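All values reported here derive from a predicted model rather than from experimental measurement. In what follows, chains carry the letters A, B, and so on, assigned in the order in which the sequence lines appear, proteins first and then strands, with residues in each chain numbered from 1.
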There are 2 protein chains.
Amino acid sequence: MEEPLPPMEAIDLIQQQISILIRRSESERTAQQDTNRLDRSAYLMLGFLVNEGTLTVGQLAEFLQLDISTASRQVRALEDKGLIARTPDPRDGRISRVDLTEEGRQRFLAAKTSRLRRYRQLLSDWSAQDLTQLGAYLVRLNQAYYESIRYSHKQLDEREEPGR
Amino acid sequence: MEEPLPPMEAIDLIQQQISILIRRSESERTAQQDTNRLDRSAYLMLGFLVNEGTLTVGQLAEFLQLDISTASRQVRALEDKGLIARTPDPRDGRISRVDLTEEGRQRFLAAKTSRLRRYRQLLSDWSAQDLTQLGAYLVRLNQAYYESIRYSHKQLDEREEPGR
DNA sequence: TATTTCGGTTGTATAATACATATATTGTCT
DNA sequence: AGACAATATATGTATTATACAACCGAAATA
């Protein structure tokens, strides 16, 4: 009852379609002339700041699954554009606290509006039911990815301190 | 009437989750030590050749939504690795016909098996029903993207020859 | 036959990324 | 307190994937 049909074909399809989805999204990256556009990492970074409030560079790297050096450069790029501001943590001089500027918040919202318009048009003939369901599936899928990554990190940590 | 419930939240969620999905997939690109691994474009390119048979460089570029120069370089890279072979078209000296080698076919299948294993583990607690449904949604989503791109190209063409 | 179009390649530039190393601050141990 | 280790971030360097522009040779067309 739990596997009425062998789901391997479905998994194959999912895997293939995700590859295609990702490939296409890369091709959109450069092709955009939308002035509101923010590249994906910038968009996600600002989005995390909108949702989470102040974060450190390291936390951003962790959320975005970026090397901290990459996160650091992105933070600086956004700072140069005036979208975020760094302030030193008063308690710990090593830490930079990263905040949105008002400009950053507005740019994020503008970009989000743009994206939503695009997606709304793209998905215009989907039923509300299907949209909700797809959203839920994607959340679940991302969650699964996230857990599998956490798990492998955990294993790594344990390996590094075996006699703990 | 066209929006019985406000699906904006669902669309927002979808858009956000796709961003996350894509970001994560990029972080996997470099992190892999899987020897069977093929980078995404190579994987898709070989996959198209498996499914479609012989293709030209231009067709590959079109399928992959790559600039033809990029496709050309990728073809050469795969040729250098012995995974594909180019033969000149006997009827039209400009065209290179791109084919899989036996080695290429096997590498593709190995990579596919690897991917499937990973996805099967990732999705192990999904019901067959959900897997099938997610696959269908992804196909539909990619199809929508594809059509919207075709549409915008068509408009562009019409703009270029206005008095047609 | 001269010109244009077409398929593909090569030159060049850019962006996003990771890894190794450096720097400065904080924590810890004797 | 002083020395050393750990931590948070930044910088140097290399790689990779990509696009655009310029080019080349073959084919189509005027």
Side-chain angles (χ1 to χ4, degrees), chain A residues 19 22-33 37-45 54-81 84-98 149 157 160-161, chain B residues 19 22-33 37-45 54-81 84-98 149 153 156-157 160-161:
Chain A
S19 283
I22 289 167
R23 170 79 276 284
R24 187 208 37 73
S25 94
E26 294 219 320
S27 80
E28 285 204 339
R29 181 164 66 188
T30 43
Q32 287 289 343
Q33 67 272 28
R37 178 123 192 125
L38 291 168
D39 67 81
R40 187 171 51 253
S41 283
Y43 181 76
L44 283 169
M45 191 173 269
T54 306
L55 292 171
T56 69
V57 175
Q59 285 173 324
L60 286 167
E62 189 189 339
F63 282 138
L64 296 165
Q65 291 174 53
L66 286 172
D67 188 272
I68 194 173
S69 68
T70 305
S72 170
R73 284 176 225 270
Q74 285 188 4
V75 164
R76 192 175 55 185
L78 292 176
E79 192 181 30
D80 290 347
K81 289 182 192 156
I84 61 175
R86 267 185 292 197
T87 49
D89 188 304
R91 311 194 186 178
D92 184 336
R94 295 168 299 184
I95 295 176
S96 271
R97 294 159 52 84
V98 180
I149 286 165
D157 290 351
E160 276 166 2
E161 37 183 311
Chain B
S19 284
I22 290 166
R23 171 78 276 283
R24 186 207 37 73
S25 94
E26 294 219 320
S27 80
E28 285 203 339
R29 182 164 64 188
T30 43
Q32 288 288 344
Q33 67 272 26
R37 178 127 193 123
L38 291 167
D39 68 81
R40 186 171 50 255
S41 283
Y43 181 76
L44 284 168
M45 191 172 269
T54 305
L55 293 171
T56 70
V57 176
Q59 286 173 323
L60 286 168
E62 189 190 338
F63 282 139
L64 295 166
Q65 290 173 51
L66 286 173
D67 188 273
I68 193 176
S69 67
T70 305
S72 170
R73 285 176 223 270
Q74 286 188 4
V75 164
R76 192 175 52 186
L78 291 175
E79 193 181 30
D80 290 349
K81 289 182 193 157
I84 61 176
R86 266 185 293 197
T87 49
D89 188 304
R91 311 195 187 178
D92 184 337
R94 296 169 298 182
I95 293 177
S96 269
R97 297 158 52 83
V98 180
I149 285 164
H153 283 182
L156 214 67
D157 290 350
E160 276 167 1
E161 35 181 313

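Whole-Å rounding puts the B/Ile95 CD1 to C/dC6 C1' distance at 9 Å. Distance, A/Glu79 CD to D/dA10 C1': 12 Å, rounded to whole Å. Distance B/Leu60 CG to D/dA17 C1': 17 Å, rounded to the nearest Å. Rounding to whole angstrom units, CG of residue B/Leu55 and P of C/dG8 are separated by 11 Å. When rounded to the nearest whole Å, the span between CG of B/Leu44 and P of D/dT18 equals 10 Å. If you measure from atom CZ of A/Arg40 to atom P of D/dA17, you get 15 Å, rounded to the nearest angstrom. When the P atom of D/dA19 is taken as reference, atom CD of B/Glu62 falls 14 Å away, rounded to whole Å. Put simply, CZ on B/Arg97 is 15 Å from P on C/dG7, counting in whole angstrom units.
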Please write out the pairs of protein N or O atoms and N or O atoms of nucleotides 21-26 of chain D separated by less than 3.5 Å, giving the distance to one decimal.
from   : atom 1 : to      : atom 2 : distance (Å)
D/dA26 : O3'    : B/Gly93 : N      : 3.3

Output a table of nitrogen or oxygen pairs between the protein and nucleotides 14-16 of chain C separated by less than 3.5 Å.
none

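Note: B/Leu38 CG to B/Leu44 CG = 10.5 Å, rounded to the nearest 0.5 Å. Rounding to the nearest 0.5 angstrom, the gap separating the CD1 atom in B/Ile68 from the CD atom in B/Gln59 is 10.5 Å. To the nearest 0.5 Å, atoms OG1 (A/Thr70) and CG (A/Leu60) are separated by 12.5 Å.
OP1 or OP2 of D/dT11 lies within a sub-4.0 Å distance of a side-chain N or O belonging to A/Arg76.
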| request: With salt bridge (charged side-chain N to carboxylate O under 4.0 Å, His left out) as the test, would you mind laying out the steps for A/Arg91 and A/Asp89 before giving the verdict? | output: CA-CA 6 Å; A/Arg91 311 194 186 178; A/Asp89 188 304; 5.3 Å; no

| task | Evaluate the criterion side-chain contact (heavy atoms from CB on, under 4.5 Å) for residue pair B/Met45 and B/Leu55; output intermediate values, then yes/no. | result | CA-CA 10 Å; B/Met45 191 172 269; B/Leu55 293 171; over 6 Å; no

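Every residue two or more places apart in sequence or in another chain that forms a side-chain contact (heavy atoms from CB on, under 4.5 Å) with B/Ser96 is listed here: B/Val57, B/Arg86.
Base engagement by B/Ile68 is indicated by at least one non-hydrogen atom pair under 4.0 Å involving a base atom. Residue-level contact check: B/Arg86 touches the backbone only, with heavy atoms under 4.0 Å from sugar-phosphate atoms and none from bases.
Taking all atoms of both residues into account, the shortest heavy-atom contact from A/Thr56 to A/Val98 is C-CG2, 4.4 Å. Contact between B/Gln65 and A/Arg24 at its shortest, heavy atoms only, is OE1-CG, 3.5 Å.
Under the 4.5 Å side-chain criterion, counting only non-hydrogen atoms from C-beta, A/Glu26 is not in contact with B/Ser41.
In terms of position along DNA chain C, the nucleotide closest to B/Thr56 lies nearer the 5' end than the nucleotide closest to the other residue of the pair A/Pro90 and B/Thr56.
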